[in-house]
Structure formats: C-alpha cells, structure tokens
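To keep things clear, I will list the structure first and then write my remarks on it.
Counting from 1, the numbers follow the sequence of the chain as shown.
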Amino acid sequence: MSTAQSDVSSSELIDDVASIAPRELLRRFRGPGLLLTQDGAVLANNEAGDELIRLMGMPQGRPLDQISETASSLLNVGRTGVPLSKRIVVPATAMDEGNLIYDITALPVDLSLSASQCVLLFARNVSLEGNLVEALVSSRALYRDLADCSGDFVWEVDASSKFSFVSPQGIVGYLPLALNGASPAGLAMDPHEANHLVALFAAREPTTETEVWIRGEDGNAACLIASVRPLTDDRGEWCGARGVARDVTAERRRARELDEQRDDDALISAIARAIQQEMQPHDMLRAAARVLVTSFQAAAAWIVPLQADGTPLKPAARHIDSTMATDLPDPDFATLMDTAIPSDEQAQAYQIWREGPFLCLLTHHWDVMNGFVVLLDTAGRAEAMLAHAADHLSNAIEHARQLRELDRLSRTDELTGLLNRRAFIAGVSKSLHMYTGEDVVGNLMFIDMDNFKAVNDTYGHPVGDALLTSLSSLMGDAMADLPRGDHLAARLGGDEFAMWIGSCGEAPGALGALAALAAERLVRAFNVVAAEYGEEVLPGLSIGIASAKSGEKLQSLMARADHTLYEVKRSGKGTWKMATEDHRLTLEPMAQPTIGDGITGNLSEGTS
C-alpha cells in the first residue's frame, strides 16, 4: 500500500540527506523521528519522537535492538546501507476506536562519527486510512452479520434490481428462499404500484424512514418503514442498493382503529348536538340527515320514521348535498325496504345492506322496527360507521316519535282525534295571516249538536261518546271530499265542533259554495245516524258559516260564525246558514253566546 505524502517524503530524505544535517531534518519532519546508532542508542529526536519510542516499547536506558525483531531489522539499515520501510500495528485498547497504524521508514546516515552508519527513523500515522480500508474489506461480512442479528428486515438488491440478499427472518411471512432472485415488484398489492416498489427497494438516491405498503405472504396488506442506500462500483456507477425496514403493520392498524373510533364518536356527538339544537321532531331528523351527508361524504340522506305497521311516515326528513340538484326525488322507500336481508332474529338491533347506489339501514327500538335510513353514494367505511351509529339513530327516531306523540296529544281531542280548541284557533289564525292578499281566505263553520244532553240523559254517556265519534268521522269524510287545501276540523268542547275550509285555489264564490256543500252533506249524513235514536231524543246539527275576508281579525270572524249559528238554533235547529254582509256591519253582542263566546275564555258545555 502506498504511504500518504508528508512534508518530507522518504525519497526526498534520501536525496537530501547529504545536504541537510540529520538533526535539522528531524526538526523539519512533522511526524515522530529518531536518530539512532546501529546499536539502538538515541542520538537525537524531534518533539514527536517520544511517541515513536513509546510505540516501539523501549523503556528508558534499554537499547531498541533488544525490544523486537522489527526494531532489529530497522537498525540493520545502518549496516546494509539500504533504506527500509515497515508497518507497525498497535492493537486498539478498550478506549480506542480502532488500531493505531504507523508506516516507519529507516534511512542510513553517515555522520563520520564512526566507521558504521547511523539510522534515521521517520514514522507516519496512517491509522485512519488503514482502518477505513479494513472496514471496507470486511463491510459486506459485517453487514450480513448485523442483518442476521437484527430483528428488522434487511435486504440487498443487485444491478438487475432483484433481491440478492435477504435477512434470515424474512419479512411479513416471506422467507429468504422466496425472495432471493425475485423482483420487489412481486410484493405490490396492486400492479400499478409495482414500479413504485422497485424504485424504493432499488433506490438510486438515499431514502430514510419511508412508509410503504406491500402484500404479505398471506395476501393481506402490510406496512413497512424503510431506509435505503444505493451501492456503487469502483467507477462510481450504481450497482444495487441495501436497505432495512421494520414491520409497523400492527402499529398502523392500532392507529387506524383509534382514528376510526374517533370518527365514530365524532359522528355520534355530531348527531346528538344537531338533534339538541332543534325543537321540532321533523327538524331534528333533518339535522341528523345533514350530519350523515357530511360525515359519510354522501350525495343525500333520508331518515324515515316507521309507523306501527312498518309503513314509512311521510314526508321523510332529508338533506341533499349542495353539489346535487335540490329537486332530487325521494327513493321508493317501501321498495327499498322489501330488499332488506331477511333475518330470523326478531330482536336484531339493526340491518344494513346495499341496493344499487343506496346504503340502507333498518333500525329497531325495543325489538320493533322504528326507522329507515337511506344514504346515496357514500364514501369510505360507510357500513362500519353506520353500524356504529345505528343505535343512536334509532334513539333519535324514537325521540322524535315521542315528541310528535306529545305534540299530537297536546293538539288533539282524546275522544275524537280531531284538533282541540287551542290547536284549531292557532291553525285558523295562521291561515288568516298567510292569505292576506286574497278576497276570501277561508270559511269558518261552527257546528253544534242538537239535543245532545237528551241523548246522554236517555242512553248514558258511552252512547253519547259514540255519537260524538260518529260526528268526527263524518267531518273527516267531508274534509276528504274537499279539494286539497288548508282545511281543519276540531272538537271545541262538549258537543261543539268547528271546521275551517281554507284556500284551495278556488275562486272566492266557489270557496263559499264548497263550505255550503260540505255543511249540507254533513247535516244530511248526521241525520241518517241520528235516526237510530228515535223521535224523542232525535239529535241533529246546527251549523253557522262565516266567510273570512282579507284582513279580517280572528275575533270578528268567530263572532260572525257564532252569531250565525245562534240564528240557526233560534230558528229551529237542524240546518246550516251562511253569514251575510249585514252580520259584519250590524253585529252586536249576543244576549245568549254560544260557541264563539270569548275566544280565549271557556266554551259552553253545549246547547240543546
């Protein structure tokens, strides 16, 4: 091996030894240097010369030729007159990082002190260079030894980008025999990712801590964190790559599970918050549908409460993504429900299935189907998230149902199912304000059952209740025969009823005609029912009708209908009458008020 150049090389020393005094030469030389006799006695040394004496192991006063064979061969230069170079390796101690290596050159010097020549010794520290060469020579063996001891996956690819070495433990189920000689492309989960894998495992540039997913031996996806270094030949050309990777699949799965759990919990929290911010049942479910669209990246979502017989309750609460057409029609919920996966377990908490672009959820509450959720064009892990939220959606649907039921009970008459007085007045008032621009906005009908007290006294209250129920059914039939509009029917209390025939697109005169026709049919139909009670207590109906004009106050309208009803009662009962314009102009307080007495006060218990 060639020695590194110092300030004064060996050849220069030979040429200049005659012209430069040996002691001056020692002073100029930067490395350790000694001037010795042939017997090993030190004649002179430079500042670093003590290091050479120490490395040669020469105690003070002991001739160097008694120390080692190397020293003897160096001193023999004085006798032969032939320069000599030797390498001395001092083994590393526990504190050293490597061996100490010196190249020592011995030159004969004639000092004219004796017949024999003296010897100049010059030493050059080549430890760094020597250790580097030794490390390079043993690096491949060391690399493989480290790979054998490491728990990580270690590999080497050759110039053809194929595995030439794989650590004994292999990786994600693959043994070295299966990988050696194979291309990294075979580890790709998807053929489109093959080139990416080859570029990583056979990297041309250093790569550190890169995440990559490969196909494990069992076919499942596995995640590696890889670091790769390229290899070059003597000419600096790329000839392969070495890398190390650790399997972090379990860590990634745990992290993904935690992320999914957080997403599921966030969905449930969002549903709960959305519901709490709304007061009306339909608005609550619509807010929940909005959360589903956002969380599932869906095009639309529908939440459909189910009635006791399992039929959908319309209208469905829905939310449509802003990128979709706002007039997107509702799917056929009944048909979608028919595609549900049949189950023998009646207590199943929910069912989830796909039907075309729809993801469907059938919820149960206390073993009874109570809701149907439909999502359009979902993304991600929609089925798992929907399953996690199924119970909460079921509870939300049930909560909305209970609120609807409470609202129904607060607005309806328990016996007949018609609106109660408070709900009816609120509905009529809303209509009056809604259609202020029309000439006639509706017709108010006050209905009083004639001779109802006699029925109760003669046949008892159960029969009287049945008669009230019969009247409510007839009123429902009359409402059904009307054109679609804002119509209302109510039991105001006792034997007093009311109907509101609201705007339904008819001309003003036609609207009054509809009210008159409904009243006539109602009187005749009730007479048929009343005939069963005999002549003694023959019940009947008296009806007063008032047409609501644009801008008329509710109190005025009710007073006119009430006044007209009283005129019917006073003139013989059992018929109906429409209020005239004169009633609006000459209406005065009645001496004997009936249904309209005090809009916010108590109603009478009926007149006979």
Side-chain angles (χ1 to χ4, degrees), residues 280-283 312-317 327 329-330 404 407-408 410-413 416-448 471-492 496-526 541 543-562 564-565 576-581 583-584 595-596 599:
Q280 299 302 320
H282 189 76
D283 293 339
L313 181 64
K314 296 181 180 181
D327 58 349
D330 292 346
R404 283 196 307 273
D407 181 67
R408 186 192 67 81
S410 69
R411 292 169 49 83
T412 58
D413 175 66
T416 62
L418 300 176
L419 293 178
N420 58 24
R421 182 178 186 277
R422 180 184 63 83
F424 180 77
I425 291 176
V428 174
S429 178
K430 180 179 178 181
S431 292
L432 290 175
H433 287 85
M434 186 180 300
Y435 300 104
T436 55
E438 298 185 15
D439 184 27
V440 176
V441 298
N443 289 271
L444 177 62
M445 299 171 57
F446 277 165
I447 305 167
D448 187 83
L471 176 55
S472 67
S473 297
L474 294 176
M475 292 172 67
D477 294 340
M479 296 273 287
D481 291 337
L482 294 171
R484 187 173 179 179
D486 297 327
H487 311 312
L488 304 171
R491 181 190 179 199
L492 303 180
E496 298 166 347
F497 294 77
M499 287 179 62
W500 168 255
I501 300 178
S503 177
C504 53
E506 300 290 338
L511 193 59
L514 282 176
L517 180 61
E520 179 65 25
R521 288 178 175 177
L522 194 58
V523 169
R524 291 185 180 185
F526 188 78
L541 294 183
I543 302 175
I545 308 172
S547 294
K549 299 296 184 178
S550 177
E552 185 174 6
K553 301 297 184 183
L554 176 61
Q555 183 174 8
S556 170
L557 175 65
M558 294 185 69
R560 291 195 298 115
D562 191 33
T564 305
L565 171 62
W576 60 272
K577 184 178 181 180
M578 181 78 72
T580 65
E581 288 295 326
H583 288 143
R584 182 190 299 269
I595 295 178
I599 296 177

*Determine whether the side chains of S547 and N443 contain a donor N or O and an acceptor N or O closer than 3.5 Å.*
yes
*asked:* Go through it in stages, so that I can follow the logic: the residues are I545 and I501, the test is side chain to side chain contact (heavy atoms under 4.5 Å, CB included), and I'd like the CA-CA distance, side-chain angles, deciding distance and then a yes or no.
replied: CA-CA 10 Å; I545 308 172; I501 300 178; over 6 Å; no
*asked:* Using a 3.5 Å distance criterion without hydrogens, assess whether the side chain of T564 forms a donor-acceptor pair with backbone atoms of R560.
replied: yes
*asked:* Determine whether a donor-acceptor pair (N or O, by modelled atom type, separation under 3.5 Å) exists between the side chain of D413 and the backbone of A490.
replied: no
Does a side-chain heavy-atom distance below 4.5 Å link [X] with [Y]?
X: L514; Y: P483; result: yes
X: L517; Y: D481; result: no
X: F446; Y: M558; result: yes
X: L432; Y: W500; result: yes

Interatomic distance, [X] atom [atom1] to [Y] atom [atom2] [nearest 0.5 angstrom]:
X: L418; Y: M479; atom1: CG; atom2: CE; answer: 8.5 Å
X: R422; Y: T412; atom1: CZ; atom2: OG1; answer: 10.0 Å
X: H433; Y: L554; atom1: NE2; atom2: CG; answer: 8.5 Å
X: E496; Y: D448; atom1: CD; atom2: CG; answer: 5.5 Å

*Show your reasoning for whether side chain to side chain contact (heavy atoms under 4.5 Å, CB included) applies to T416 and M475.*
CA-CA 11 Å; T416 62; M475 292 172 67; over 6 Å; no
*Test log, rule side chain to side chain contact (heavy atoms under 4.5 Å, CB included), inputs F424 and L444*: CA-CA 11 Å; F424 180 77; L444 177 62; 3.7 Å; yes
*Which pairs count as side-chain hydrogen bond (donor to acceptor under 3.5 Å, both in side chains) when at least one residue sits in residues 471-480, sequence neighbours excluded?*
none
_Test salt bridge (charged side-chain N to carboxylate O under 4.0 Å, His left out) applied to R524 - qualifying residues, sequence neighbours left out_ = E520
*Listed partners of D486 passing salt bridge (charged side-chain N to carboxylate O under 4.0 Å, His left out), at least two apart*: none
*D330 and K314: side chain to side chain contact (heavy atoms under 4.5 Å, CB included), yes or no, with the steps?*
CA-CA 11 Å; D330 292 346; K314 296 181 180 181; over 6 Å; no
